Structures are given as structure tokens and as C-alpha cells.
Amino acid sequence: MLQVNDLRCARGGVPVLERVSFALNPGEALILRGPNGVGKTTLLRTMAGLQPPLSGTVDYPEGSDAYASHADGIKSALTVTENLTFWAQIHDRSVPETAYAAFDLHDLRDRLAGTLSAGQKRRLGLARLAVIGRSVLFLDEPTVSLDNFSVRMFADWMRDAHLGQGGCAVIATHIDLGLDVPALDLTPYIAAADADGGADAAFL
Amino acid sequence: MLQVNDLRCARGGVPVLERVSFALNPGEALILRGPNGVGKTTLLRTMAGLQPPLSGTVDYPEGSDAYASHADGIKSALTVTENLTFWAQIHDRSVPETAYAAFDLHDLRDRLAGTLSAGQKRRLGLARLAVIGRSVLFLDEPTVSLDNFSVRMFADWMRDAHLGQGGCAVIATHIDLGLDVPALDLTPYIAAADADGGADAAFL
Amino acid sequence: MIALLLRDLRLSVRAGGGFGLGLAFFLIVVVLVPFGVGPDRVILTPIAPGILWVAALLAALLSLDRIFALDFEDGSLPLLATAPIPLEGVALSKAVSHWITTGLPLTCVAPLLGFFLNMAPGAYVWLLASLALGAPALSMIGTFGAALTVGLRRGGLLLSLLVLPLYIPTLMFGAEAVRRGADGSGVTAPLMLVGVITLGCFALLPFATAAALRINLR
Amino acid sequence: MIALLLRDLRLSVRAGGGFGLGLAFFLIVVVLVPFGVGPDRVILTPIAPGILWVAALLAALLSLDRIFALDFEDGSLPLLATAPIPLEGVALSKAVSHWITTGLPLTCVAPLLGFFLNMAPGAYVWLLASLALGAPALSMIGTFGAALTVGLRRGGLLLSLLVLPLYIPTLMFGAEAVRRGADGSGVTAPLMLVGVITLGCFALLPFATAAALRINLR
Amino acid sequence: MPELGDYTAYVISSYVATIVLLAAIIGLSWRRSRRIKRALEDIERG
Amino acid sequence: MSMWEYANPKRFMEWTAPVVPWAFGLSGVLVVGGLFWGFFLTPDADKFGSTVKIIYLHVPAALMAINAWFMMLVASVVWVIRRHHVSALAARAAAPVGMVMTVIALVTGAIWGMPTWGTYWVWDPRLTSFMILFLFYLGYMALWEAIDDPDTAADLTAVLCIVGSIFAILSRYAVRFWNQGLHQGTSVPVVTGGRTIADIYFIPLVICMFGFGILFIALVLLRTRTEIRARRMRALTARAARA
Ligand code: HEM
Ligand SMILES: Nc1ncnc2c1ncn2[C@@H]1O[C@H](COP(=O)(O)OP(=O)(O)OP(=O)(O)O)[C@@H](O)[C@H]1O
Ligand SMILES: Nc1ncnc2c1ncn2[C@@H]1O[C@H](COP(=O)(O)OP(=O)(O)OP(=O)(O)O)[C@@H](O)[C@H]1O
Ligand SMILES: [Mg+2]
Ligand SMILES: [Mg+2]
């Protein structure tokens, strides 16, 4: 479903990672690990098509991907429901009732998103993923500022609702999500100092 | 050094926590725990004087406090050194060489802060605390997006450099910092639904 | 796309009088001018059409940087870019919502302000007509400029610098139409040209805007 | 405070031609006016002083929201508020850096632009004098307005709305001084009044600004 | 020196202005070129 | 070998290295020679008196101001289509030179205006178009300066240059429509296609035009070389930082 082949990606014109290859079948997920600055965010953005790879390929069914980082496109001036409805409409869907339940947002439905606490806002951001119905997810530290209970809730949703229904996901995180999926440490893939490519390659 | 007495605080005009009391001596720290939305951020902001308490008192030596949340006053257009130097100058101090070492910023000194990864930026934000030399710290989820190694580095700095030299700290966090300090779960202090106070109290 | 348009309109209403503020700025600029140049009617009447057009343009300008900046800051923009609507559609919808919140109210209220500047009586209807035809072009050009500068700190001023020269033809034809209306000479040519500019902008600029957005999101 | 001033100046230089942009906007507004009101010198000469003042004011206005917005967004502002420098000092330093990056270059270049508007020859020196005296007041008043609206979405337009009425006295006396200079009548009274406004603003507004900041940070 | 008559000031000032502007752009380009060249050589030498 | 090979930064540096001094030398000879000829060796015109000598500055500068923008447009399109770094950098390098040419045309024109029209500035269409061209140069340069990432900056400025060119042409028509103008067109013998100007003025003028043109080329080459070096420096520093 997701096929990454010998990918090399850059950040700020500097090659960061190289020789990254893996494949995920429907229902599988992969956890990206590695110290700060190793290039997790860069890799996710490249796979999501937000920046072009230096070389290598990323394959998944056109229009099936979703990327989520800390900034989650949540408008403070809209309520929780309005936020979710908007993203649903943009994707030509309706908001499933289960999205509220899965992220414990029932009580917060009519609150303006701006008045949520950090963790509540994060839950709303995750609920967006349940709403847009994309099957290949690229998640950058999705559980930042969630309490342990919410982390488990997210893991449950991921296992049962997303992977269980044939989706797949690549998740960068520093904590243990309690998901039983393989992890990929990116440290061995750090690009050599003299790696090819990058915006300035022509000038070297 | 820090004395909190029967504090009641509100967020968005709604009382959130009440009857919070504790005291810290120099060298002591307290970890705030509790599920998302319980009021950790609200409590920290109140103690740091960024919002007035509904009732109760917070005492510490005038001008000895520092508050740090996700937004850490880091300018993307300045380098790491320039950022730290600025905050040092504002506090009439110079940047101790140890600040770079304690947060592993040596190699990043001349990088523009805007080009740092999430965790590197966070380390810079924490290094600011080592530079301004305040002794009462209020930290809101200081280790968000740090890898395990950096979390330990932060804990070491906190234990040895800050608490060890007679500072104290209140830290809200969901993860285990590896610090041997008491934790306070805020759940029992949630304000009763009919609690007094709040902006609209006069109309009730 | 309709959903996006509705959301943007709702947001600008929620953000506290979305419709009112552009208008208020227009009002204030128009009011400032007599303070600057003096209250003499002999001076004011001939410059009224030009001042009104310049003020409308500045009022439109001032709200431009909000078109994409907010969506960029909270991360909506990459999400919209990967959503199943074409980015050209996003650009168009943004321009339309800017026009609805700024250009349209401006157009409606301009004749009223013409009155404060002692505009010649014959000019009112042409002021309305030229703004109705030209204001959408201002929004579309502005959206293009906003896409170029999205994500830049201090984008506001840079944006003005980039956009103002692009506004010049619209301004020239628009103000010329009103002046000719005031004289009673033929207004068809300049009005038609304003219309042509607007059509051209809406036909071409969404693509340039989408291209600029894609580059900026990279 | 010096550190803060230097940082702000450095930031505005880094952000790409900090000094140039306000200037460029000034230039563009001045150029737009003839496009709006037509090229006739008989019309342009009498309105030149007023237009130049209004344009200077708008150029100052457009960069106001950056005064505190960036520091607010990245969380510097609460940190500055708890730092061992008085918040009044912060306000003053912000106003001064705004003046250095905007008001000062504007003042220097205004006579040049007077030339494009066919300003009367006698008016140049008074234009320079009135802007030199008045521009600092524009920055200080603007800083106050920026403090009132910091943290508000869509603050830009609201800010203009709040600040423009406060700008009116400075504008009136400033433009009046230049117009009298052009006529050759006595300029002392309006010039003195501009000076008095500036002094008054710098004496009082830092406190009001600091108070507004404190409230907004709560 | 040719006789310029009433227009001496105009002609001379346009020549001076042009020469100053050209000299400025040439000088600035040349200075930056020198500076960058030297900096690059420093880096390439290591 | 295709001609695009010359646009490879390394090759570009190689083949331009010997060209630059020659270009500067040739332009120096032509500009100094043409101006000397024009200033010292031509008679005053009947109608203009000695002010006709300004033409040797004014017209070549005006010509190059427009041509510089045109060159930037071509370079931008080449960058967008073929993604040759040198063309983007050449466009960037040309902008300040083009702007200086615009300023020279404006300043000499304004000075010329006083004896002929009795004013330094009128809103004549030709003058106004140049004013607008100046604004386009300003905006273009400001956009380059404001963006950190060089490729993003190249892309965005290219988009601006292309869209801006359309609007620049539109402005020319708008300006004509807006004001009929005073600027000398046919009433004076000028360098229009028919070459109605007397040889005695024409030859030094043409020399100056070539001189300004080659000076422009020399400056653009020099500045492009500087930009390439700056990029190379950036690349090397970034690589060193990673090692
Ligand atoms: C700021 C003021 C002026 C500007 C911006 C300006 C601009 C121009 C431009 C764009 C050209 C066309 C060059 C070309 O395409 O080859 C030109 C040519 C010329 N200008 Fe000016 N001009 C100005 C003032 C004047 C004045 C005051 C005079 C003298 C009366 C003058 C006399 C000429 C002549 C004789 C030409 C020859 C070429 C032609 O007519 O096409 N200009 N000027
Ligand atoms: N503009 C830039 N120029 C140079 N290097 C950059 C730039 N932006 C980011 N980097 C570097 O690229 C590397 C990869 O960054 P990235 O954000 O992908 O790391 P990450 O694995 O997500 O880290 P974290 O866990 O801290 O989020 C980092 O070392 C970072 O410092
Ligand atoms: N403007 C507001 N109006 C009403 N309620 C608000 C407003 N802002 C915040 N709240 C509520 O106040 C409570 C306390 O929020 P706070 O941010 O202090 O929680 P927290 O403990 O820091 O949570 P987290 O762990 O998610 O950061 C939350 O339930 C939040 O929903
Ligand atoms: Mg990251
Ligand atoms: Mg919190």
C-alpha cells in the first residue's frame, strides 16, 4: 500500500537521510525513531509530498494520504464540531459520530477550539484524521501533550479503527505508544556528509 | 521559597482549580500531574503572575520567577547564540559556557533558530532558563518533542545545576522525567461546579 | 470549495466585525484626506474620485496579508493542499471571500463617502460601477501577492510593495472612468477596460497563485 | 533596553530590508495618488503637502502591527514582561525602533517625493521639519495602539481603526505647517504644536502602552 | 570644454549623476565580488 | 554538447572568467569614447541648445532599463522550464543593474525636463511607465531579499517576474490612456526607426548605446559570478557543518 524506495531527502537544501526503503501492507504501521534532528519530520514531509525527494520514490494510491504535525489546521474561532465538519466537507464526507467518541470530545463539541487545553486541542487534531478518511497517514509526534489515558485512546483508535480497517500509518514519536508495530530507527540512514543532491549540489 | 496558599484560579472566566496549597524550599521541585484539561497550565500561569488568582496567594521573592511554555521567545531569524545572548543581556547577565554544554547546543551555535528541528528548538528554549538565572521556575511540559537522551539531559541540569544550587521549580508534565521529586495530582482540586469567583461571579 | 468559502466568511465574521473593519479603514482614509489637504471644496471636488479609488485600494490592501497567513500559521494550508480540491480552487475561493468581506462593502459605501469629499453629482453612478467592476480584480491580484509572501515575516509591507504596482492599471482606468463621469465625457472605454482586467485576472491569476502556494509549501 | 533596541533593529534588517520597505510603501502611495487624481499639476501642487503627510502616516501605520505581534506570537512578550526591565522601557524601545526603521527614512525621503507631486518650492524645508518633529509621535502613538490590539486576530485593521483618529492632530498640524510654508505664511505655530504633541506622547504614552500590555498579557 | 551656455548646470549635473550612479553600481558589484571571492577561497582552503 | 552546458555553474565560471575583464574594458572604451565624442565634439541642436548632450546618457540608459527587465523575464522563464541555476542567479544579478539604469533614465530625463518643459517632473506617459518599471524592480529585489531558501526565492521571483511583465505591459497602455503626454516623440529628430536624427548626433549615440549594453553584460556576468560563488560558499559551509 505504501512503498518507499531508496529515498533521499533534504531539509534546507542539505541532504539529511538516504537509502530509506520500506513497504507497508494494508493494516500495517511503522514507528519512526531517532534522536532529535535525525530527520523524522523531513522524511514524513517528503513522503506526504510536501517537499520533493532528492532521489528515490514514494508510492501510494493517489489522494489517499494525510499528513499531521503539531499544527493541525484548527481554527480557534470555530467550535470543535465546526472544525471537524469543515474538514469533512472539504473531503466530501460527513463527520462520523464515532470520531467524537474515539477521542473523548463529546463534552467539548460546542466549545470554541481556542478555549481548549493543549491536550484537548491535540485530541481535536487527531479526530480530524478520523474524519477525513484517508488511509495512508503520516503522523509527526501525534501524542505531544496528551495524558496517558489519551495516548491509549489514540493507540486504540489506530489499532482498531484505522489499521483494523486496512489503513496504514507511519508515526514519528519519542514515547511508547503501546502499539504492537515495528519501529525503524533512522540513525543508520543519516546521509553521509558528502552525500549527493540538495539544492546546492550543482555548486559543489 | 515558593509558598502557595489556598489558591483558586480560573480560565476563560470559569474557575478551574481551588484549594491548591503547597510550599517549596530551595532545592525542591514539584511535578504537576493530572489529565488533559485539569488546569495545569492555568495554575502555572497564575503562579507566574500572568493572570490574577481568584483568591489565595502565591509568594516568592520578587523578580525571581521565570515561566516557560511551548512558545519560548525564540526568534527564527537570530542564531542560537544571538537568541541566548539577547535574553542574557535583558537580564543583565552573560551567557555561561555551561548553558551550551548542558543542552548539547555546541554544534548548533551559529545556526539560525528557524532551521532547528522541533527537539533542537526545544533545547534552545530550555537553555534560556539556564541563562537568565532565575531561581523559581514554572515549566509547562518542558520536554515536549525531546528524545529520551535530551530528557535525561534536562533532568540532569534540573537536578544538578538548578535545584542543586538552591533553585526550585514547578513542572507540569505527562511523562516520567526521571527526577526524584514529589508529584502533585491536581484531580482532587478541580473546582466544584458551583465554585465562587470568575469574571461573571457578580452576576450569579 | 463552497465549504472553504463559507468557513472563511464565518471566520472573518467571528474575528470581530470582519465586514466592518475594511470599511472603517476606508472611511478613515477618506476622512483623513480633508485633514491633510484642507477642507476647500474647490480642491476636494476634482480629487474626490481619485482619492476614493486610492482609499479603496489601500483598504483592500490592508487586509491582504490575512488571506493566507492565518491558514499558514495554524497549518491548514498544507492540509488544504493535500485535500481533494484543486489548489486553484482554494485560490479562487480565497479571492472571492476577500472580495465579499472587503470589496463588496467598500463598493456599497463609496458613494456615501463621495459625498463627504464633495464629489461631482454626475460621478456617483460611475463610482459605483467602476468599483463594482474593479474591486474583484483588486482581491484577485491581492490574493496572488499574498500567496507569494505567505510565510514571510514582515510579509505585510513586502506584500504591499509587490501588489501596488500590479494595482496601477485597475486604478488608472477605474479613477479615469469616474473622472470622465464627473465631466460628462464618455466612460465606456475605461469601464470596459476595468472589466477586461477583472476577467483576465480571474482567468489567469488563480493558476499563478496556486503555483506560488505550491512553491511556498515546499 | 539597548539590547532590546539592537535586537529589534537587527531583526528588522534580517527580515529583508527592514528599512527599505516602509519607505517603498510611502513611495508607492505617493505615486498612486496622481494615478488616481490625474496628472494635472494645477490639481497636484496644492494637495501635495497633505498627500505626503497622509502617505507618511499610512506607511507608518502599515508596519505597526509588527511592533508587538511577532514577540507575542513566539512568546517573547510575557518573558519580557517578567524580565528585570520596566515594561515602560520596552514600550519606549519598541517605539524608537519603529521610528528608526520607518519614520526616519520616511522623513529623509519625503522631499524627494514632494518633487513628484510638484510641491511648491517653498514647502520643502517645512515638510522636512514637520516630519522630523511629527514622525516620532506617529511611532509612539502607533506603539500604544499596537499594545492595545496585541494578540487579536485581524488586529491589523482594528489597530488602524484605533490609531487613525489619534493621528489626526499630528496630521492636521503637520500638513498645515507645510501648506503655510508653501504659501509663505507663518509656520511657527503649527510646527510648535507638532513638537508639543511629540513631547507629550513620549512623556505619557509609554505608561499607557505598558498598562495595555499588562492587561493583554493577563 | 565646450560652451554649454545657459544649460551648463543641467548638462553637467546629468553627467555627474550618471557617472556617480554607474560608479556606485560598478563599485558595489566589484567590492562584493572581491569579498565573496576571498571568503570562498578561505573556505575552500579549509 | 548542447548550449545548456554553458549554464552549468562550473562551466559558466570557466568561460566567463576571461570574458569579464574584456567586457568591462570594451564597455569602458565605448562609453568613455561615445560620451567624449558626444560631449565635446557635437554641436548644439537648434531647439535644445547644449542640452542635447543629455541624450547620450538618457537614451542608452532608458534602452537598457527596459532590456534588463526583458532579460530577467527570459532568464526567469528559462529557470522555470529548465531549472538551470545560473539563469535564476543571472536574473537576480541583473535586477540591481536594471534598476540603476532606470534611475539614470529618470534622473537625466528629469534634469532635461527643466530646460525643455520648465519642470523637473510631469506625469507624462513615458516618464510614468518608467516610474512603474522602477517599482517593479523594487518589488522584485525585495522579494529576493526576503526569502531565505534560494530555490524558493528563485521560483517565486520568477513567477513575480512573469506576472509582473504582463501587468507592466498593461500599465503602459493604461498610462497612455490616462495622459496623452509631453514626451518628445516625433516633433524632434529622434532615434526612431526612420533614423531622422542627424548623423552627427547619431553616431556617438549609437556608440553610447553599445557601450551601455556591454557594460550591462559585463556587470551581469560579474554579479552572476558573485552569486554563484555565494551559493557555492553556502553549499560548502552547510556540508562542513554536517561533517
Ligand atoms: C524623468 C523623465 C524622463 C523619462 C523617464 C524618460 C524616458 C525615456 C524613455 C523610456 C525613452 C525611450 C528610450 C528608447 O526606447 O529608446 C526616452 C527617449 C527619449 N527621451 Fe526621454 N524621458 C524623460 C524626460 C525627457 C526629457 C525632458 C526630454 C527632452 C525634452 C527627453 C527626450 C528624449 C528623447 C529625445 C528621446 C529619444 C528617443 C525616442 O524618442 O524614442 N526625455 N526617454
Ligand atoms: N533550513 C535548514 N538548514 C539546515 N539544516 C536544517 C534546516 N532545517 C532543519 N535542518 C536540520 O535538519 C535536520 C532534520 O530535521 P528534522 O526536523 O527532520 O528532525 P526531526 O528528526 O524531526 O527532529 P525532532 O525529533 O527534533 O523533531 C536537523 O538536524 C535540523 O537541524
Ligand atoms: N476560554 C476558556 N473558556 C472556558 N474554558 C476554558 C477556556 N480556556 C481553557 N478552558 C478550560 O480550562 C481547563 C484548564 O485548561 P488548562 O490549559 O489549564 O489545562 P491543562 O491541565 O494544562 O491541560 P493539558 O494537559 O491538556 O495542557 C480546560 O478544561 C479547558 O478546556
Ligand atoms: Mg520533528
Ligand atoms: Mg497545558
Side-chain angles (χ1 to χ4, degrees), chain A residues 10-14 16-17 32-45 69-71 76 103-105 107-108 111-126 140-154 172-177 185-187, chain B residues 10-14 16-17 32-45 69-71 76 103-105 107-108 111-126 140-154 172-177 185-187:
Chain A
R11 176 86 176 259
V14 184
V16 170
L17 292 171
L32 297 180
R33 295 206 179 275
N36 290 138
V38 76
K40 300 180 291 300
T41 302
T42 311
L43 179 59
L44 287 171
R45 284 176 50 88
S69 69
H70 312 261
S76 334
F103 295 97
D104 196 13
L105 289 170
D107 300 341
L108 303 171
R111 280 269 285 279
L112 292 184
T115 70
L116 298 178
S117 82
Q120 292 165 340
K121 213 174 275 175
R122 200 84 259 279
R123 291 212 299 263
L124 171 54
L126 293 174
D140 198 0
E141 309 197 50
T143 58
V144 154
S145 58
L146 287 186
D147 59 20
N148 298 335
F149 174 72
S150 307
V151 171
R152 239 171 300 128
M153 211 154 55
F154 167 70
T173 184
H174 294 294
I175 67 162
D176 180 26
L177 295 178
D185 189 325
L186 289 177
T187 324
Chain B
R11 178 84 176 261
V14 183
V16 170
L17 292 171
L32 296 181
R33 294 203 179 276
N36 290 138
V38 76
K40 300 179 293 300
T41 301
T42 312
L43 179 59
L44 285 171
R45 284 176 52 90
S69 68
H70 311 261
S76 337
F103 294 99
D104 195 16
L105 289 171
D107 299 339
L108 303 172
R111 279 270 284 280
L112 292 184
T115 71
L116 298 178
S117 82
Q120 291 165 339
K121 212 175 277 175
R122 201 85 260 280
R123 291 212 298 264
L124 172 55
L126 293 174
D140 197 359
E141 309 198 51
T143 59
V144 155
S145 57
L146 288 186
D147 59 20
N148 298 336
F149 174 74
S150 306
V151 170
R152 240 171 298 129
M153 211 153 55
F154 167 69
T173 184
H174 294 294
I175 67 161
D176 180 26
L177 294 179
D185 189 327
L186 289 177
T187 325

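Proteins get letters first, then strands, A, B, ... in listed order; numbering begins at 1 in each. This is a predicted model, so every value here is computed, not measured. Computation of the quantities below employed the complete heavy-atom set of this structure, encompassing side-chain atoms and omitting hydrogens, waters and symmetry-equivalent molecules.
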About how many Å separate CD1 of B:I175 and NE2 of A:H174, when rounded to the nearest 0.5 Å? 10.0 Å
Less than 4.5 Å to any heavy atom of chain B: does that hold for the side chain of A:R123, its backbone, both, or neither? side chain
Shortest non-hydrogen separation from A:S117 to B:G37 and the atoms involved: OG-N, 3.3 Å
Donor-acceptor pair, distance only, cut-off 3.5 Å: does the side chain of A:N36 make one with the backbone of B:S145? yes
Separation between OG1 (B:T115) and CZ (A:R11), nearest 0.5 Å, reads 8.5 Å
Best-contacting candidate, B:N148, B:T41, B:L146, against chain A by heavy atom pairs under 4.5 angstrom: B:L146
What one should report as the nearest heavy-atom pair of B:E141 and A:A118 is OE2-CB, 4.2 Å
